[in-house]
Structure formats: C-alpha cells, structure tokens
Amino acid sequence: MPIKINVPFNQKDEAKKLGAVWIPDVKTWVISDSIENINPFKAWLPPGGGSIIKYPYLVGKSDRTCWKCHKETPLIAFGSKNYFTTAFNPPREVLWDKYDVPVFFQDIKSVDNDLVPVLKKHFPFFQDTYSKTLKKNVWVNTCIHCQTIQGDDYNFDNPGSPFYSLNGSFLQNRKTELLQLRFDYYLDAVINEGDYSYIDDGDGFRFYDGPTYQ
Ligand SMILES: [Zn+2]
C-alpha cells in the first residue's frame, strides 16, 4: 500500500518530480509501492525516524493474567514482515531501510493517526495511557477488568512471555489478524526481533536468522 507523506503546498512540485502521487479524496501525497528507496522523500516523512509498516498489517493476539486483578485479559501486538525503519541507524542522519524479517513492535511511543479509530473499534484495551513508571504516555495493552497497564516487558521479553519469539517463530503458530487500512502506517516503537541476531554488513546492521555467534 502507499506511504503517506506530509508535503507542504509549496513543495508539491518537488515531491511530484520525485514520483509522489496526489490522492485527491484524502488530500495527501503518497509514495507508491513501486518505489523501493524512500530516502529521497525523507523531508516529508517523520523527522525523528521510527517505522513504517507495509502491508500486510499484522496484529498478534494473545492473553495473560492481569498482574493486578488476576483475571484473564486479552493482548495485542503489532507485527510486520515488510517494513521500513530507522531504528538501527545513528540518529544524526535519519535513513530509512527496508526489512523483510518478521518482527513485533513494543514500547510504542506514538502511532499513526489512521490507526487510532481502528484500535478504538477493535482493540479498545490497547490505549494511549499515562504510565506512572515511565512518567509519560505510551500505547499499551490495559486490563479489560481493572484498566491497569499490562507492561510490554512481561509481554515480550522473557521465554514464556505471550509474544516472546524464538528464531523463526515470529508470527507462526499465533493468532494473527490483519488490520484494514488504506495506507501504510507509522509507529514510533522498539522493534522486537526476538532471538534473531545481527550481522554488520558494513553499512549498518541487518537481521540474521541463523545461529548466534559468540
Ligand atoms: Zn486487571
């Protein structure tokens, strides 16, 4: 699906020259799927970096026992096997790289505006919530009974966690659903690569799904 970009009116000719397309009914410029390198458009992408999730828009589903009220409560996690991210590049220069290794996203600081009504409708327990621990707002799973935050550290990070993944097990044998969205969506979040290790190929890190070299 296309990626929305935020092009000021006086830069529209420049965006068009680079291949951006105007979508009149929603009054936005987009980068079409045929464009593999989105860096020429980075002035109109979120300046602080983050991730842009391309189709299919996967949502992992699980549940846990609420740490506070001890009742069962559902959980979701955004997943992707096709996305751009800046997460592993130095912050000085934001560069968007494309990855096709399945991952989950956690510690979500902000979500695309297009995602908000979809979450409200289908997963209202996943909310923009003030965390007393972090002293800021985060997008997190909350208990459907007592509304308490169900922290991402428990949900992702340890063997046995609902979204913990071993090599190659991402999104497999899980309840996964698709979000219906017209455009690719943006997330400011930490990428959970599970037990994937990295190799440095010289111009940054890449996921590597082989054994971990000590
Ligand atoms: Zn609870």
Side-chain angles (χ1 to χ4, degrees), residues 46 48-83 85-88 99 101-197 207:
S51 297
I52 296 165
I53 318 309
K54 295 200 68 65
Y55 190 81
Y57 311 127
L58 303 167
V59 176
K61 295 180 81 179
S62 190
D63 49 55
R64 66 177 276 183
T65 305
C66 170
W67 63 269
K68 187 146 194 203
C69 76
H70 308 291
K71 292 179 185 163
E72 284 296 297
T73 188
L75 300 172
I76 60 161
F78 298 108
S80 180
K81 47 186 182 182
N82 187 14
Y83 61 98
T85 193
T86 60
F88 300 107
Y99 291 90
V101 171
V103 294
F104 280 127
F105 297 88
Q106 68 179 94
D107 301 335
I108 297 170
K109 292 192 207 95
S110 65
V111 305
D112 199 296
N113 285 340
D114 287 358
L115 212 50
V116 177
V118 179
L119 290 172
K120 212 169 243 178
K121 186 176 174 193
H122 298 287
F123 310 108
F125 55 87
F126 192 87
Q127 291 177 328
D128 186 14
T129 309
Y130 183 75
S131 161
K132 284 182 199 158
T133 320
L134 301 170
K135 296 190 172 62
K136 61 181 180 184
N137 272 57
V138 282
W139 282 86
V140 280
N141 288 284
T142 58
C143 175
I144 57 168
H145 309 287
C146 73
Q147 284 75 53
T148 308
I149 289 177
Q150 307 295 302
D152 280 355
D153 46 353
Y154 174 91
N155 299 339
F156 289 92
D157 292 343
N158 302 306
S161 292
F163 295 115
Y164 181 79
S165 293
L166 291 167
N167 256 352
S169 69
F170 271 98
L171 311 172
Q172 288 173 14
N173 306 316
R174 293 182 187 280
K175 283 185 213 163
T176 307
E177 295 188 353
L178 287 181
L179 296 175
Q180 298 290 328
L181 295 166
R182 184 169 166 189
F183 302 107
D184 294 332
Y185 73 90
Y186 171 77
L187 277 184
D188 185 0
V190 170
I191 295 171
N192 182 306
E193 74 282 2
D195 263 5
Y196 280 87
S197 52
F207 289 114

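Indexing begins at 1, ligand by ligand and atom by atom, following the structure's order. This chain uses plain numbering: 1 for the first residue, then up along the sequence. Computed from a predicted structure; not experimentally measured.
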J.: Strictly under 2.8 Å, is the Zn ion (ligand 1) approached by any N, O or S atom of H70?
T.: no
J.: Can you tell if the side chain of N155 reaches within under 4.5 Å of the side chain of V140, non-hydrogen atoms only?
T.: no
J.: Within the stated cut-off of 2.8 Å, is an N/O/S atom of H145 closer than that to the Zn ion (ligand 1)?
T.: no
J.: Take the Zn ion (ligand 1) as the vertex and measure to SG of C143 and SG of C66; round to 10°.
T.: 110°
J.: Determine whether L178 and L58 make a side-chain contact, defined as any pair of heavy atoms from C-beta on separated by less than 4.5 Å.
T.: yes
J.: Run the ring-centre check on Y83 versus F78 and record whether the distance is less than 6.0 Å.
T.: no
J.: Taking the six-membered ring for Trp, are Y57 and Y55 ring centroids under 6.0 Å apart?
T.: yes
J.: At the Zn ion (ligand 1), what is the angle formed between atom SG of C146 and atom SG of C69, rounded to the nearest 10°?
T.: 120°
